[in-house]
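If you're wondering where the values come from, they're calculated on a predicted model, not measured in any experiment.
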Amino acid sequence: MKSYAIYDADLNRKDAIGYLFYYEKAESFIIELCEDLDEWDAPLLFQGLVRQEIYTVSKEISLMWVKERVIPSGRQNIGMILKNYHLKKYSEIALLALSKGKSSQDACYLNIIAEEEIPENIKKRRKKNVQDCFVTRDRQLLCMFIDHMVRKIDLAEMIGKYKEVEHVLRNEEILHSVSIGVGGYTVSFGGVVEIPASELRESGVLLPLTTGDFYDFITTNVIDTTEVCDKMQCSRQNLSYMVNEGKIKPVIRGTKENLYLKGEVERKMKE
């Protein structure tokens, strides 16, 4: 990830007005605006968001802001321009870095910064993003956030705001394709719908658990084939026979190793 501080030369302030984050693998931009930014001091594209006290800019609007500051990919002589800049292909981030984000539309510009230079309040805000999520057996969404909050969310209750969720709930493949969006800012269902982390934090039921509790459970209670054989003092062949007979069930089947719940293995040992 690359990080940039956004400054406005027209404002009477030394501090940045926000921060631009570029996620290289996803080729996505996210902008975090400073909470002390006045609506009228914000770049035009962000004024409506600041008016609503929304300071995390979606990747779509962030990309719009970036595109305002770089040469468009459809420009007639774009090939020659890229050659002059020694670029092998069109890249918003490369062009943005070359121009330092300057545009004729305003006085904003960018300075690249290191991770440790990102202000603590911005880091704290990003810790409210989703770290992990999965769909439970009762078809609800369980979200674990970076700051350790855990919420269980009935997706059916979100149809009012996100109509596409109804389609997601009717399609098991899409429902279980749930994944974390760039930077944990969203949760995505097969490209059909993306739900912001901020929305998920206000939905469903807060569970009296932390993300760490889940990780502790996995590290201490999930064991592989070798550990099961050692515990049960049996061969892999015998274990495979028990699995095929349904006497013991792996939680994950792998090509070389299966994973099992330690508690189930110990119960089987006592039967």
Side-chain angles (χ1 to χ4, degrees), residues 1-3 19-32 54 56-64 66 91-93 115 122-207 209-219 222 250-255 257-259 261:
M1 183 185 74
K2 293 182 178 178
S3 306
Y19 296 85
L20 172 71
F21 301 104
Y22 177 66
Y23 295 84
E24 295 165 288
K25 290 185 178 179
E27 297 184 338
S28 292
F29 298 91
I30 293 286
I31 291 173
E32 293 280 8
I54 297 171
T56 295
V57 183
S58 69
K59 64 180 182 181
E60 292 79 14
I61 299 177
S62 296
L63 179 59
M64 287 173 60
V66 167
S91 166
E92 282 103 353
I93 188 62
E115 177 75 22
I122 299 295
K123 288 181 180 179
K124 186 176 180 180
R125 190 190 302 172
R126 291 168 64 201
K127 286 182 179 179
K128 294 181 179 180
N129 292 347
V130 179
Q131 181 172 3
D132 245 320
C133 67
F134 61 90
V135 174
T136 63
R137 288 188 177 184
D138 57 355
R139 305 175 88 248
Q140 298 199 38
L141 180 67
L142 197 144
C143 283
M144 294 172 274
F145 298 87
I146 297 172
D147 63 0
H148 301 301
M149 176 191 282
V150 178
R151 299 191 78 92
K152 191 174 185 181
I153 300 151
D154 185 352
L155 287 169
E157 294 179 1
M158 306 204 77
I159 294 175
K161 278 194 173 182
Y162 302 94
K163 292 182 180 179
E164 300 90 344
V165 170
E166 188 172 3
H167 175 63
V168 170
L169 289 172
R170 289 200 302 264
N171 188 309
E172 288 295 320
E173 185 177 351
I174 295 176
L175 177 64
H176 291 280
S177 71
V178 61
S179 62
I180 308 298
V182 60
Y185 284 95
T186 62
V187 165
S188 174
F189 290 89
V192 174
V193 61
E194 277 195 320
I195 304 175
S198 56
E199 189 76 40
L200 295 168
R201 287 183 72 89
E202 302 298 323
S203 305
V205 178
L206 177 66
L207 300 183
L209 296 167
T210 68
T211 305
D213 293 330
F214 283 91
Y215 291 156
D216 288 344
F217 175 81
I218 292 169
T219 55
V222 176
V251 289
I252 296 178
R253 289 179 180 267
T255 54
E257 295 271 341
N258 292 335
L259 296 178
L261 289 177

* R170: partners by salt bridge (Lys or Arg N to Asp or Glu O under 4.0 Å), with sequence neighbours left out -> E166
* K127: side chain to side chain contact (heavy atoms under 4.5 Å, CB included) partners, not counting sequence neighbours -> I146, D147
* To do: With sequence neighbours left out, write down each residue that passes side chain to side chain contact (heavy atoms under 4.5 Å, CB included) with S179, or none if nothing qualifies.
  => S188
* **Y22 side chain reached by E27 side chain, heavy atoms, under 4.5 Å** => yes
* For S28, check side chain to side chain donor-acceptor pair (under 3.5 Å) against everything at least two apart and list the hits. => none
* Asked: After noting the C-alpha distance and the side-chain angles of F29 and V57, does the key distance pass the side-chain contact (heavy atoms from CB on, under 4.5 Å) rule?
  -> CA-CA 9 Å; F29 298 91; V57 183; over 6 Å; no
* Asked: How would you list all residue pairs meeting salt bridge (charged side-chain N to carboxylate O under 4.0 Å, His left out) that involve residues 177-189, not counting sequence neighbours?
  -> none
* To do: Indicate yes or no: at least one non-hydrogen side-chain atom of I252 is less than 4.5 angstrom from one of V222.
  => no
* Structure fact -> d(M144 CE, T210 OG1) to nearest 0.5 Å is 10.0 Å
* Asked: Can you check whether S203's main-chain N or O pairs, donor with acceptor, with R151's side chain at less than 3.5 Å?
  -> yes
* Quick one: are L206 and M149 in side-chain contact, heavy atoms under 4.5 Å? -> yes
* Atom pair CG/CZ of L261 and F217 - distance to nearest 0.5 Å -> 5.0 Å
* Under a 4.5 Å cut-off applied to non-hydrogen side-chain atoms, are F145 and T211 in contact? -> no
* For R126, enumerate each residue passing the salt bridge (Lys or Arg N to Asp or Glu O under 4.0 Å) test, keeping only those at least two apart in sequence or located in another chain. => none
* **Within 6.0 angstrom of H148 NE2, more than 12 heavy atoms from elsewhere** => no
* When rounded to the nearest 0.5 angstrom, what distance separates CD1 in I31 from OG in S58? -> 9.5 Å
* Asked: Which residues satisfy the side chain to side chain contact (heavy atoms under 4.5 Å, CB included) test with S177, sequence neighbours excluded?
  -> I174
* Pairwise side-chain contact, I195 with F189, heavy-atom cut-off 4.5 Å (strictly under) -> yes
* Asked: Can you tell me how far CG of L259 sits from CD1 of I218, rounded to the nearest 0.5 angstrom?
  -> 10.0 Å
* In Å and rounded to the nearest 0.5 Å, what is the CG to CZ distance from D132 to F214? -> 10.0 Å
* Asked: Tell me, which pairs form a side-chain hydrogen bond (donor to acceptor under 3.5 Å, both in side chains) where one or both residues lie in residues 153-165, sequence neighbours left out?
  -> K161-E199
* Asked: With sequence neighbours excluded, what pairs up with R125 under the salt bridge (Lys or Arg N to Asp or Glu O under 4.0 Å) test?
  -> E32, E35
* **Nearest heavy-atom neighbours spanning V178 and L141** => CG2-CD1, 4.0 Å
* Asked: Taking only residues two or more places apart in sequence, or in another chain, which ones meet T136 in a side chain to side chain contact (heavy atoms under 4.5 Å, CB included)?
  -> F134, D138, Q140, L142, K152
* Structure fact -> Minimal heavy-atom distance between M1 and S3, with the atoms involved, is CE-OG, 3.6 Å
* **Residues forming a side chain to side chain donor-acceptor pair (under 3.5 Å) with H167, sequence neighbours excluded** => none
* **Side-chain heavy atoms of F21 within contact of I122, under 4.5 Å** => yes
* Could you tell me which residues satisfy side chain to side chain donor-acceptor pair (under 3.5 Å) with E92, sequence neighbours excluded, listed by chain and number? => K67
* **Shortest non-hydrogen separation from E194 to T186 and the atoms involved** => OE2-OG1, 3.3 Å
* Side-chain donor/acceptor of N129 to backbone N/O of A197, under 3.5 Å -> no
* Asked: In Å and rounded to the nearest 0.5 Å, what is the CG to SG distance from L207 to C143?
  -> 10.5 Å
* **Under-4.0 Å salt bridge between E172 and R139** => yes
* Please check if atom CD in E173 has more than 12 non-hydrogen atoms from other residues, nucleotides or ligands closer than 6.0 Å. => no
* If you take all heavy atoms of V165 and L155, which pair is closest and at what distance? -> CG1-O, 3.4 Å
* To do: Of all the heavy-atom pairs spanning N258 and R253, show the shortest one and how long it is.
  => OD1-CA, 3.2 Å
